Each structure stands twice: as C-alpha cells, then as structure tokens.
Amino acid sequence: MNAIAASLGARASRLGRRILTRPRIDLPLAIALTLLALAGLTVLYSASNLDTHMVVGQAARFVIGAVLLLVVSRIPPHLLRTWTPWFYALGLLLLVAVKILGEGQGAHRWLDIGVFKFQPSELMKLAMPMMVAWYLHPRPVPPRWRDLAVTGILIALPAVLIVKQPDLGTALLVVVSGVFVWFLAGLQWWRIGAALVALVAAAPVAWHFMHDYQRQRIVTFLHPEQDPLGSGWHILQSMIAVGSGGIFGKGFDRGTQSKLEFLPEHTTDFIFAVVGEEFGLVGVLILLALYLFIVGRCLWIAANARDPWSRMVAGALGLAFMVYVIVNGGMISGLLPVVGVPLPLVSYGGTSAITLLVGFGVVMSIHAHRKWTV
Amino acid sequence: MNDPRNLPDEHANRSRFGRRALAGFALMLVLALVVAGRFVFLQVYEHAEYSTRAQANSVRIKHLPPPRGLIYDREGKLLADNVPAFRLDVIPDKVKHMDAMLRRLSAVVPLTPDDIRRFKQSLKQHRPFESVPLKFRLTESERDRFATDQWQFPGVSVTSYLTRNYPYGEEFADVVGYVGRIDEKEQARLNPDLYAGTTHIGKTGIEKEYESLLHGTPGYELVEVNADQRPIRVLQQVPAKPGKNLYLTIDQRLQAATIKAFDGRPGAAVAIDPRNGAVLALVTVPSYDPNLFVNGISQADYSALLDNPEHPLYNRAIRGGDPPGSTVKPFLALGGLELGLRTPSTTVLSTGTWHIPGSPAGARGYRDDQRYGAGNVDLAQAITQSVNTYFYSLAYKMGIGRFDKWMSKFGFGRPTGIDLPDETGGVLPSPEWKRKTFHRPWYVGETVIAGIGQGYWMVTPLQMAHALATLAGGGLAHTPHLLAATSDGLGQQKTPYPQPLPVQITHNPADIAAVQKGMLGVVYNPLGTAYRADLGKGFPYLIAGKTGTAERYSRTTDAYNTDTNLKYLASRHRAWFICYAPANHPQIAIAVVLEHGAWGGTAAAPIARKMLDQWLADTPPSERPPVTLTASTRQPTQAATPAPAAVAQ
C-alpha cells in the first residue's frame, strides 16, 4: 500500500517538475503580454462605461488565447512548419466562405459560427508569413526573382480576397507581414528601394481603383476640419480626446469625450484615444514601451532560432505586431487616415486577440527550440 | 531539405538575419518615436487648445420629432389637433443630487407626486445624457417663475413642444381615442430610429389603430452647443416629415345629436351608411374626456373614472355584449325565406304559448309577448307585431346548424373588422361553443329561444348596425370603417383609403322586400311595436325598423322572464331599436341600445328618430332620394302600407 502511494506521489512530482522545469514559454515575453492584457482590460472597463459584461467577455477571450498559446508552444516548430500549407489553405477557404456567407455592417468580414463571430482575415495575418517563410525556408537567401514571384502570388491571393470584402486596411497589413518575411529573408536593399519608387509611381493608379469612401478617408485625413461631421468626425474627436488628456490624463473613468459618446468606436479601434485622454502622455508612452519590448523580444528570439523558417516567422510576426500599433496610434493622433485597425490586445474584439496570442504561441515554441548555445 | 550550398553559409545567414532583425527593430523604434512625438505634440504643446475644445465645444444631435397627423371628421372639423405647449426637461447627467433638486424645484414650479413618479420611471428608459421630460403643459406663470430661477437648476430647461388636443373631448373619446406617454413595454418594441425624440404614442381608438400613418418620420439637427448647452449654430438639418392627416367618416353633428338624445342614460348607438360601410356615428354613453390622458391622468381623476358605476371607460359601442332580443327577427325571417321554410304568405297560429312538437304534456311552454297570442300571422305581421311563436317554430325547424350558418353570414359571432382596436366579436351560440365553454350538451330549447334573440347570444351595437346595413344594402356586406381618406398636409390632395371588397351574402330582392314590409309595419302599423313612439311622424322618408327587449339571461334559474313589471328584472333589461331610412334607398342604418330600458319601442326608438332628424338636416336634398311621403301620406294605416316599388339594391 505504502509502496503504491509512494510511486504515485513520485510520478506526480516528476510530472510537475517536468512542466515547471521544461516550460515552453518565454518568461519575459509572457510577463509583458500579461501586463499588456491587464492594461487592456483596465482601459476597456473604463471605455465601456464600466460594463463588466464586456470586460469579462474580453478576459474570457484572453484565457482562451492563453490556453491556445500554451498548446501551440508545445508543438515543435518543424511540425508547425509542415502544417503551414494546410493552415494557409484553410485560411483561404475561410476567406472564400466569408465572401459567400459573410455578414457585417456594409462589409463581409465575419463568419457567424453561432457561438461567436469570427474574422478569417485575422487568421490570414498569421498564416501568410508562415506560408511565405515555408516557401523560402529551403531556398537560398537572398531570394531570387522566381522565389519573389511565387511568394508574391502567395501574398496577393489572400490580399485580393480581403480587399474585396472590402477591407483595404487589413489587406495592406497582410501584405506588409508578407513583405517583412522578404525583408528578413534578405531581400536586397536596392530592390527594396526600387519597390518603394514603384509604389509611389503607382499611387495615382491605386487612387483610380479605390472606392469612394476610401478616397474620402484620405481627403478627410488631410483636411479633417473641412468635414467635421462626416468622416472627419472620428479624427477630430480622437485628437480632442487625446489632446485634452495632457501629460497625466484625466484619470481612470474620467474621460469626458469618450464617455459622452462624442468619440465613436471607443471600445474598439479608437481605444487608444481613451488611453490618451484618461492616462495622458505618460500612459501612452508606457504602453508604447511595452509594445516595443514585446517586439524586441520577438526579434531576439528570432535571431536565436534554429532554422530559417523559425527565424523568419518569429521576426515577421513581431514586426507586424508593431506595425499594428504604429498604424493604430497614427490613426488616433491624426497622422494616418482612418483605416479600421484595432490596437492589439487592447481593443475589444475576439478574433484579433486570439490569433495574436496563437502567433505568440508560435514564437514561444520557436524560443523553446532555440539553437544550442555552445 | 536544406540546399547544401547553404550549409557552410549558415553562419553568414545568421549574421545577415541578425542585421536585418536589428534594422527592423530600428525602423520600429523610429516609427514609435514618431508616433510618440505626435502624442507629445497633441498632449503637451496643443494641450490647452484641445482641452478648451473638449470642454467648451460639443456637437449635439437634436432629434426633431415629426408633427403628428391631424384627425378630421367628414366635414373637415378638427377632432385631434397639435397645440404648442411648454414642458420641463431634465438632463440627468447634469444634475448632481436629483431628489434634492426636485424638492427645490417644486417650490418654484408645483410638481405633483404623479409627475415625480412618472419622471422617475422615464429616467430608466433614457440614457444619462438624454433629456427626460418632467412636467408637461406648463402654465405661463410657471414658465415665468422658472425662467427667473433657472440658474439655480443646471440641467433643467424649458422646451417648447406640440401637445395633442381634442377639441370635442368626450364626444369622440370612443372613436378617436387618445395618445399617452410611451411606456417601457412600448419602448422595447418600437423602432428607436423612428421614434427618437417622440414622447407620445396612440393608446386607444383611431390614434392607436393608425399610429403608423399619424406618426410621420423624424428629422434631426446637428447643433453646436457651448458648455451651458446653449446652441451656437446649427451645422446640419434634416427636417421631419409630418404624419398623414386622417379624414374620418363620422359626422360630428350626428355624433353630438346622438349623445344629446341619450341625455346621460347609459347605452350606445352606431350609424352606418349601407351603401359603403362608412360609420356615420359611434357613440357610447357615458364617456370621458380624453384630454385628461394625454399627459398622464392624475390618480384622483383615474380613480373617479374607474369607480363610476356607469363605467365610462368601457366602450359599449364595440365591446358591450348584450342579447339582441327581437331585433334578430327580420334576419331570421329572411333566413326562413331563403331556405324555403317559409313564404311571405305562410301563416302560423300564435296562441300565447308554443310547445316543441312532440314534447310531453306539461312540458315547458314558450311564451308570446301577447298573453293570448296574435292569432294567425304571416311573415310581415310576425315582424310588425314581434310574434314570438312564429319565430320559435321557425328556429326549431331550421335547427341550430343552419341557424348559425345563416346568422354568421351577417357577421354575428365575430368582430366586424372595423378599424378600431379592442373590438369584441360577441357570441353566436352553437353546440360546439357550448361544449367548449360549459362542457355541456346543446338543448333544443336553446335553439328555440335563439329564435327570439335570447340565450347565450351576445351582440355589440356595432354588429347590429353592420348586420342591418347589410340587410338594407340588399345583402351586400361592407366592412364597417372609420377612415375615409388621408392627406399629406394642410390643403393637400385627399387620398381615399382603400377598403376591403364587399361580400354579397344574399341575392334575393323579393325576399328582402317581404321582410322590409314587416319592418315598415313596426313603425307605421297601429299594431306595430314602435307605433306608439310616433316614430314616422313628420319624417319625409319611410323608416323600416325593429324593436327589441333583451333580457339578461339568468344563469341561476336557467329561464327568462318577459314580465317587465318585476322591478329587479327591469334593471337587467336592455332596450334595442334598429332602423334604416329611406326604406327604398337606404342611406343610414342605425342600431341603438339603452341600458335599464324597458321596452325597445318607447325607450330606444326616440333616440333613433332624433338621429334620423339630424341626418336629414345634415344631408342636402341633392344627396338624398326624392321625398316619397307628402303630408297626407305621412302616417299610412295598415291598409295603406305602401309596397316598396324600387327595392334597395
């Protein structure tokens, strides 16, 4: 009897020790993400007018994301890499499904799976860099023209589907995350320069193809005062909210602009303005620093990864993550036109938070399988 | 698989990647600094300006509720109007201590406990920055007093608005109905975009039935206001679209004359034009003042209405159910003709009591009104003298199945479909109904008494008028309706309101003529049950009518008693009178019921005559048929009862 109890106890402690001593998570990154999530919940609580229902919902999503993160982090990167094409195909399929079955205000972006709404384009933000990296993984770097062409198609395919939703903002971000993989793969500088020049030259052509409201957004962005009630409304109100916050902000739950419904979308895309109004410049800088830390950590993990795929994926995910922050922050402060990009892990919304956390799970897995230090 | 060329370059790849990673991070850092710099610009350098703008300037959406459509009678008299008034509004967000503020405010403007109670309820339905009405219809002095003290009450303001007014008050309460403040249940099911800024909604009558027509579409204004909520300028305006104006079929003069004829005695009357189903009058006595309900009736007033033993809130015209009594006899007679059970000349012997054929000696007998009967009577005489025996036997022969089938054609047993909410359908007793309601079988004796309109049978005055209008209209049943036409604004074109198609339920003009002969006898024949009321005296057209005395069916004794001398039975009598005129080209069909009446002839018929007089006065000769009765022929005797030449089509 005692012998059986003793052996069971020994097994339990061995298991526990194994989980604790062979963690698949990178502690600094995990801590930073947790801090970010908590900060996000706090701001959301205020922005939603103390709606506990909303905060609990978002926290539940974080928990789901965290569980997925832990699960994914235990999957070795080479397996993830092998599964990548299937993941990418699934993403494409869902994008097509959204075109046929989707719903949403004026745009087809969501799939209603009964229990919750799901945005396939968010999934693509994760699947696409993985796919491009998968293709470039066995190939020589820097990538040759042929490789660029093939991966260009891989990037363009989902991007076009997303643009047609219509969701220009997300499509651009998906393209950007693919481009980051090129960049990290060693795309030559002169090619980068040439591409930029081509982009500038293509701007008038792009203008021609834009929808009316997209053009309007750009015009309004340049002159928000001209249309204070139409599309300039968001920008002006956001800047007023942020500016009136000052250095130290008005205090938690004291944001008048966001509270009195002057600022639309203040729990989603414009939540950064609530941060600015209630926590001031100090709050904004702390948040930016936190984001920068997360990105830096991702890049460090990437640099220490074992194989090209891992390096490219970890790096691209990190850089893309920061781009979301930059774009959202720029939008809030009037530097960029309103493009409907949420603030990662702070804006209310499930698909974005969960897919980001899954992405970080991939990064954690890459970290757990880093190169052996000699 | 890794390209073998790469293996030796693994180290180089790594360092290249490292450089790229660093470059990427540097780029992000720079961009983050740019964004941070922008925030610094907004929050440090421009802080003062944005602060001011946040506090001092705000844009508010002001909803412009649509003006409610007006309601007119058929001659264009205004029955429901919007008049300007002032009310007190409160923005809860701006009031620090609500109860204390209300206490201080009631010293300036009197606030009743009802006002405060309703205000607190409304608070729940609005968001904190929306204005909530506190007190409606401020008097001028209240307005002035508040104006001087307004600075003491931040968040409270006086707003002008349009309030609903009913110039004819009690006269039209049962037709037009009233509007009242929107309550929580209604708020939940209303479209918030359509009802933004609207405080009232139709609660009863036409106001409720045609709410969607009367309401209109709201507009809005984007107004820039300063910190005191004072508008600086209007940035954009989309005007509201007013509701449609309604033109009813009711004639106010007839309505008023009818109410006057009742002289306060409880009852109801409905007048319908048989040619198209237009309702010319719909009266319930006593009634109530709908203006009391518009802004919330006080507890005291409401209790007074509820406790009134005559039940003024009960719309007898469309809900009151009473047995129809003898008024059903013309319809039953017509049924007998149509089914071939009788001809106009078939006679039946009335001896004062009738027994079901084949019933044992000593079985229950069914009584006539005349103690020893009326002798041999044909169809017309049976109607004229209201001989029960004729109809007992007819109903018995028909059987309850055919009886119900025939009577339901005239609309008995179901609502008429008039455009008013809350109409009831009465009861047309049948074996199925009795089994479902009482779980008892049908007795043949109940068929017999149904023949004289007694028993479980219940009708509303509207149903009676509708059935009569169908008969008078030659068997063409129109759905009774109150709305004649709508228009989009003052002086605009009137658009007739589409009505359902009429249904022809019987085709035989000769049969109807035979029945009409009996109904003319009721009025003009010395043996007619309404003769003593002198109904036809001085009226230039022939009136066809029928009296009825309904006995409230006694559940305890399972019997009825026509002996009206007993005082306790008198209180349960309902006196009916139905008539239409002119008999040859009917233009108006009337049903009158009087509670606590004795005999239908003497009590209810004079009211109908006064209604006919008013109809005559209101209808110009060009719209009436040529006068058929000269002074000498105005009181035809039994021998000279004219045979109607052209029967109503």
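Since this is a predicted model, take the numbers as computed values, not measurements. Just so it is clear: chains get the letters A, B, ... in the order the sequence lines come, proteins before strands, and each one is counted from 1.
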Under a 4.5 Å cutoff for heavy-atom pairs, which residue among A/V295, A/L187, A/V323, A/I247 has the most contacts with chain B?
A/L187
Bottom line for A/W189: the part with an atom under 4.5 Å from chain B's heavy atoms is both
Out of A/G186, A/G245, A/G315, A/G330, which one racks up the most heavy-atom pairs below 4.5 Å with chain B?
A/G186
A/V284 and its side-chain contact (heavy atoms from CB on, under 4.5 Å) partner, picked from A/V282, A/L288, A/L287:
A/L288
Please name the residue in the list B/K135, B/H200, B/R118, B/R181 that meets the side-chain contact (heavy atoms from CB on, under 4.5 Å) test with B/N295.
B/H200
Of A/T151, A/V150, A/D147, A/T84, which is the lone residue that meets side-chain contact (heavy atoms from CB on, under 4.5 Å) with A/V132?
A/T151
For A/V325, is it the side chain, the backbone, both or neither that has a heavy atom under 4.5 Å from a heavy atom of chain B?
neither
Pick from B/F17, B/F39, B/Y45, B/F41 with the largest number of heavy-atom pairs that fall under 4.5 Å of chain A:
B/F17
In terms of heavy-atom proximity below 4.5 Å to chain A, should B/V35 be classed as side chain, backbone, both, or neither?
both
Heavy-atom contact with chain A under 4.5 Å, split by part of B/L22:
neither
Any salt bridge linking B/K120 with B/D99? Criterion: basic side-chain nitrogen under 4.0 Å from a carboxylate oxygen.
yes
If you look only at pairs with a residue in residues 292-302 of chain A, which of them pass as a side chain to side chain donor-acceptor pair (under 3.5 Å), with sequence neighbours excluded?
A/D26-A/R297
Checking heavy atoms, do the side chain of A/L285, its backbone, both or neither come under 4.5 Å from chain B?
side chain
Please determine if B/R68 and B/E211 form a salt bridge, counting it only when a charged side-chain N lies under 4.0 Å from a carboxylate O.
yes
So which part of A/Y291 gets closer than 4.5 Å to some heavy atom of chain B, the side chain, the backbone, both or neither?
neither
Heavy-atom donor-acceptor pair, B/Y161 side chain to B/R137 backbone, under 3.5 Å
yes
